[in-house]
Every structure is written in structure tokens, then in C-alpha cells.
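Given the structure is predicted, the values throughout are model-derived calculations rather than measurements. The sequence lines fix the lettering, A, B, ..., with proteins before strands; numbering per chain opens at 1.
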Protein chains: 2
Amino acid sequence: LLEFRGITKDYRLGKTVVRALRGLDLVVEEGEVIAIMGPSGSGKSTLMHIVGALDTPTGGTAFLDGQDLQQLKEHQLVALRGKKVGFVFQTFNLVQTLSAQRNVELPMIFQGIRKGERARRARELLIKVGLGDRVKHKPNELSGGERQRVAMARALANDPEIILADEPTGNLDTESGTPVLAMLKKLSVNDGKTVIIVTHDPDAAAIADRIVRLRDGHIVEEEVRNA
Amino acid sequence: LLEFRGITKDYRLGKTVVRALRGLDLVVEEGEVIAIMGPSGSGKSTLMHIVGALDTPTGGTAFLDGQDLQQLKEHQLVALRGKKVGFVFQTFNLVQTLSAQRNVELPMIFQGIRKGERARRARELLIKVGLGDRVKHKPNELSGGERQRVAMARALANDPEIILADEPTGNLDTESGTPVLAMLKKLSVNDGKTVIIVTHDPDAAAIADRIVRLRDGHIVEEEVRNA
Ligand SMILES: Nc1ncnc2c1ncn2[C@@H]1O[C@H](COP(=O)(O)OP(=O)(O)OP(=O)(O)O)[C@@H](O)[C@H]1O
Ligand SMILES: Nc1ncnc2c1ncn2[C@@H]1O[C@H](COP(=O)(O)OP(=O)(O)OP(=O)(O)O)[C@@H](O)[C@H]1O
Ligand SMILES: [Mg+2]
Ligand SMILES: [Mg+2]
């Protein structure tokens with residue numbers, strides 16, 4: 001399903017170069033739950049952006065469902081992402097002027113889903129993440145963990161094949177985080193979705209089939225949890 | 001030092017009212033380390049903003065060092081906060097156009113610290129949080145946990161008496177978070193500073209003298225850890 005080989009990523013900053021990823025291979029099968037872990041600054045979010053086709057690697061090859069991502073034009077990448085990938089950003093990236101419900105509806109507008117169906121599905125997803133009584137709140141009228149859960153609901157709006165969640169429980173206590181993790185696990189076990197989670201929360205890593213550990217832009221360890 | 005009694009906080013949203021804090025008492029002695037814990041949406045950040053005089057309660061009394069916060073004018077609150085309180089926001093609140101070093105220098109400019117001393121102190125604080133080689137990076141050129149650590153360094157810029165840190169390790173793995181927590185503990189033990197941390201990270205709660213647990217805007221439990 002996902003095949004990334006020899007991936008490097010350099011950021012240029014004036015005269016210096018920050019080598020965020022220094023050559024790594026990642027192959028993910030359909031329906032797997034992967035946890036990507038590692039110290040702050042080790043390259044996890046950079047890798048997630050490349051896997052989600054939101055950024056291009058400096059070197060290496062990237063295939064999603066057999067398609068060479070580096071051969072696709074921008075509008076083709078946008079179409080591919082819109083249909084197949086749900087992204088929960090580490091910074092949430094919610095639209096500040098829209099309510100929680102409208103934020104979750106936004107990706108569905110791009111896919112041409114009708115208004116009534118959009119509203120119904122958005123409310124259903126917000127109830128699932130425990131925010132049924134906060135649907136009309138704007139992001140600055142929500143707590144940190146509530147914003148994070150709106151971002152999770154939005155990532156699921158178009159029922160994507162691949163869910164990429166960057167620190168989905170970072171702002172959540174155990175009681176609020178457990179339903180989110182259970183939902184992610186179900187998407188894999190029941191619906192065959194592929195889930196990749198960046199985390200340093202052991203409870204989130206516990207739902208993974210495989211843990212990939214990064215350090216300084218390398219994969220230093222892979223741990224298979226379920227045979 | 002800090003005396004908050006009968007604190008309520010209501011948010012008005014159109015016709016509905018969200019009662020974020022429903023009457024709570026919090027008394028904090030000088031030099032204490034307090035951990036505030038509780039589910040997402042239970043009122044922790046709301047309480048932190050009131051304790052840090054960044055927001056006013058709907059009801060109740062608020063005294064900081066014997067001063068009635070509700071009798072102070074805006075410019076007096078700004079002066080009090082600038083001198084005595086260091087705040088690490090859950091959303092970091094860094095200035096996007098300034099480098100990490102300039103972000104840490106900013107509070108010192110308001111206190112009239114000279115340029116050379118500001119730069120020296122900012123670099124020293126950034127080295128302490130493990131970002132000595134990222135001082136020139138702007139926030140969008142840093143990882144999530146690195147931004148969080150810049151926010152921590154900035155909170156300590158004016159050597160405040162009171163440090164309020166809202167989820168200081170939310171984006172940090174254990175290896176990156178341990179030095180931050182050790183630094184906060186030292187500020188209390190060595191320098192007699194008062195430290196209040198909102199967290200759901202057990203490692204952060206472990207440095208506290210007392211844990212205050214919130215649920216639905218109430219304090220439901222207090223646990224004294226060190227006699
Ligand atoms: N400006 C606002 N307008 C309306 N409701 C608000 C506003 N800010 C916060 N709230 C609501 O008040 C409640 C408490 O929010 P608060 O940010 O204090 O929670 P929290 O304990 O910090 O949560 P988290 O752990 O998710 O950060 C939440 O349910 C939130 O939806
Ligand atoms: N736009 C950029 N320009 C320069 N350096 C960058 C940029 N974005 C990230 N970096 C650097 O690349 C490294 C990897 O960043 P990345 O965000 O992938 O880390 P991370 O593993 O997600 O960390 P965290 O756990 O703190 O979120 C970091 O050291 C960061 O400073
Ligand atoms: Mg990251
Ligand atoms: Mg909060």
C-alpha cells in the first residue's frame with residue numbers, strides 16, 4: 001500500500017541545512033496500525049507530511065497504492081489526498097472562523113457531498129469523539145483537547161483509506177483519549193483502514209501492530225506487536 | 001501567596017452559557033509545585049488564565065501576594081504579570097515572524113533589559129531546554145515539541161516568582177520532557193519559585209508537592225504528595 005524507500009529530507013535555513021530525515025525505508029500494508037515514536041525533533045512530523053503527500057522528499061522514492069507520488073502534478077496530489085487520506089495535524093489546523101461542525105464539513109464540500117448529508121455526518125463524527133454538545137463552538141471557544149478531537153473528526157469526514165494522526169492524544173487525558181484510540185483501532189480492525197499515528201503516549205502505541213522508532217532522522221528500531 | 005475562593009467562570013455563546021468553573025477554592029503557598037489534572041474540558045486552562053490574571057472570574061475573589069486582582073486596572077495587571085508571572089500557554093503563542101531567540105528576548109524588552117544581556121540570557125535559557133542549535137529558527141521551522149520548549153524558555157525570561165505551565169510536556173517524549181520537568185522542580189526547590197503545571201502526564205505530576213484534580217469545573221480531589 002505505502003512504499004517509501006531511501007527517504008531523505010533537508011530543510012534549508014539561510015546557509016545552514018537541517019537534515020530532518022537521513023535515509024529511511026517505510027513499507028506499510030493495507031489495514032495496519034503503525035505507531036511512529038522518537039524524541040522531539042527526530043523527524044516524525046516531517047515523515048508524516050511526506051507519507052501524506054503534503055511534502056516532497058529531498059531524495060528517495062514514494063509510492064502510494066502503486067502510484068509514484070513524485071510523478072503526480074499538484075492537482076492530482078490534491079485529488080488523491082482529498083479522497084484517500086485523512087490527516088490530523090500536530091497543530092490541529094482548524095479554520096478559526098468556522099464552528100466545529102463546519103470545520104468537519106469542510107473536506108466533504110470538496111468531495112461534493114450534499115449539505116444535509118454533510119451536517120448529519122459531521123454531527124455523528126463529533127458525537128463519536130465526545131463533542132456532541134460543542135458542535136457550534138469555534139476553535140477559540142474550545143479547550144485544547146477539544147480542538148484536537150475536532151481535528152480527528154475532520155480527518156474522518158471522507159471515510160479515508162489512510163488515516164495519519166500526528167500526536168492525536170497529546171492534549172488528552174486517559175479518559176478523553178481512550179475513545180479516540182478505540183475509534184482508530186476499529187477503523188483498522190473492522191473497516192480495513194490503514195492508520196499511522198505519531199505518538200509518545202504508551203496508550204496510543206498499545207493499539208499498534210508495529211512500532212517504528214526514529215532518532216535523528218533514522219529508523220533505529222522496529223517492533224512487531226501482533227503476529 | 002495565591003488565594004482564589006469561590007471561583008466561577010461562565011462563557012456566553014449566543015444564548016447558551018458554558019459554566020467552565022463552578023465554584024472552586026485554590027490556595028497556593030510560595031515555593032509549592034502544584035499539578036492540576038482532569039479530563040479534557042474540565043476547566044484547567046480556564047483556571048490557569050484566572051490564576052495568571054489573564055482573565056477575570058465571573059464570581060469569587062482572587063488575591064495574588066495580598067493584592068485583590070479585581071481591584072487592579074489593566075495597566076497594573078500587565079505590570080504585575082510582566083514582573084511576577086511566567087506563562088507557558090497550551091498553544092505556545094510564539095510570534096511567528098521572530099526567531100526562537102527573539103521570542104525569548106521579547107518579555108525582557110518590556111522589562112528594559114539591555115540588548116547584550118537579553119541575547120545572552122535568551123541563549124542560556126534555550127540551551128537549558130535543549131535548543132542551543134535551533135536559536136535562529138522561526139516557529140514554523142521547528143518541531144512541535146521544540147516550539148513548546150521555546151515557550152518554556154520564554155516564560156522564564158524575567159525570572160518570574162510564579163511559573164504557570166499549561167501542558168508543558170504534551171508534545172514531548174520522555175527524553176525531551178525530563179530536562180524540562182527537572183528545571184521546573186529546581187526552580188521551586190533551589191529558588192523558592194511557585195510552579196503550577198496543568199498536565200495529564202504522570203511524569204509531570206510526579207514532581208508536584210500537591211495534585212489538584214478537576215472535573216466539570218469543580219475540584220473533586222486534592223492529593224498531597226510531599227509532607
Ligand atoms: N471562549 C469560550 N467560549 C465558550 N466555551 C469555552 C470557551 N473556552 C473554553 N470553553 C469551554 O469551557 C470548558 C473548559 O475549557 P478549558 O480550556 O478550561 O478546559 P481544559 O481542562 O483546559 O481542557 P483540555 O485538557 O482539553 O485543554 C470546555 O468545555 C470548553 O468547551
Ligand atoms: N521548516 C523547517 N526549517 C528548518 N528546520 C525544520 C523545519 N521543520 C522542521 N525542522 C527541523 O527538523 C527537525 C525534525 O522536525 P519534525 O517536526 O519532523 O520533528 P518531530 O519528530 O515531529 O518532533 P516533535 O516530537 O517535537 O513534534 C527538527 O529538529 C526541526 O527543528
Ligand atoms: Mg512533530
Ligand atoms: Mg487546556
Original post:
Does any N or O in the side chain of D166(B) come within less than 3.5 Å of the main-chain N or O of V88(B), such that one atom is a donor and the other an acceptor?
Top reply: no
Subject >> L26(A) and L2(A), any side-chain heavy atoms less than 4.5 Å apart >> reply: no
Original post:
If you count the non-hydrogen atoms of other residues, nucleotides and ligands that lie under 6.0 Å from CZ in F110(B), is the total more than 12?
Top reply: no
Subject >> Engaged part of L13(B) at the chain A interface, taking heavy atoms whose separation is under 4.5 Å >> reply: side chain
**OP:** Would you mind checking which part of E141(B) comes under 4.5 Å of any heavy atom in chain A, side chain (CB onward), backbone (N, CA, C, O), both or neither?
**Re:** side chain
Subject >> Between S40(A), G38(A), G177(A), the one whose heavy-atom pairs under 4.5 Å with chain B are most numerous >> reply: S40(A)
Original post:
When heavy-atom pairs shorter than 4.5 Å are enumerated against chain B, which of G144(A), P39(A), G130(A) gives the highest number?
Top reply: P39(A)
Subject >> CZ (R81(B)) with more than 12 external heavy atoms under 6.0 Å >> reply: yes
Original post:
Tell me, side chain or backbone of V198(A) under 4.5 Å from chain B's heavy atoms, or both, or neither?
Top reply: neither
**OP:** Counting only heavy atoms closer than 4.5 Å, note whether T169(B) contacts chain A via side chain, backbone, both or neither.
**Re:** backbone
**OP:** Check each atom of R12(B) against the heavy atoms of chain A and say whether the ones under 4.5 Å are side chain, backbone, both or neither.
**Re:** neither
**OP:** Heavy-atom pairs under 4.5 Å with chain A are the metric here; pick the option from V18(B), L172(B), L131(B) that has the most.
**Re:** L172(B)
Original post:
Would a distance-only check, ignoring hydrogens and angles, find a side-chain to backbone donor-acceptor pair under 3.5 Å from R121(B) to A157(B)?
Top reply: yes
Original post:
Is any side-chain heavy atom of V129(A) closer than 4.5 Å to a side-chain heavy atom of L156(A)?
Top reply: no
Original post:
Can you tell me how far CD1 of I50(B) sits from OG1 of T8(B), rounded to the nearest 0.5 angstrom?
Top reply: 8.0 Å
**OP:** Could you look at S45(B) and say if it's the side chain, the backbone, both or neither that has a heavy atom under 4.5 Å from chain A?
**Re:** neither
Subject >> Max heavy-atom pair count under 4.5 Å with chain B, selected residue of R147(A), M37(A), K136(A), R149(A) >> reply: R149(A)
Original post:
Can D216(A) and R19(A) be counted as an ion pair, charged N to O under 4.0 angstrom?
Top reply: no
Original post:
Any idea which of D173(A), T46(A), L142(A) has the most non-hydrogen atom pairs under 4.5 angstrom with chain B?
Top reply: D173(A)
Original post:
Which bit of S176(B) comes within less than 4.5 Å of chain A, counting heavy atoms only: side chain, backbone, both or neither?
Top reply: side chain
Original post:
Do other residues, nucleotides or ligands put more than 12 heavy atoms under 6.0 Å from the NZ atom of K84(A)?
Top reply: yes
Subject >> Toward chain B, the part of E175(A) with a non-hydrogen atom under 4.5 Å >> reply: side chain
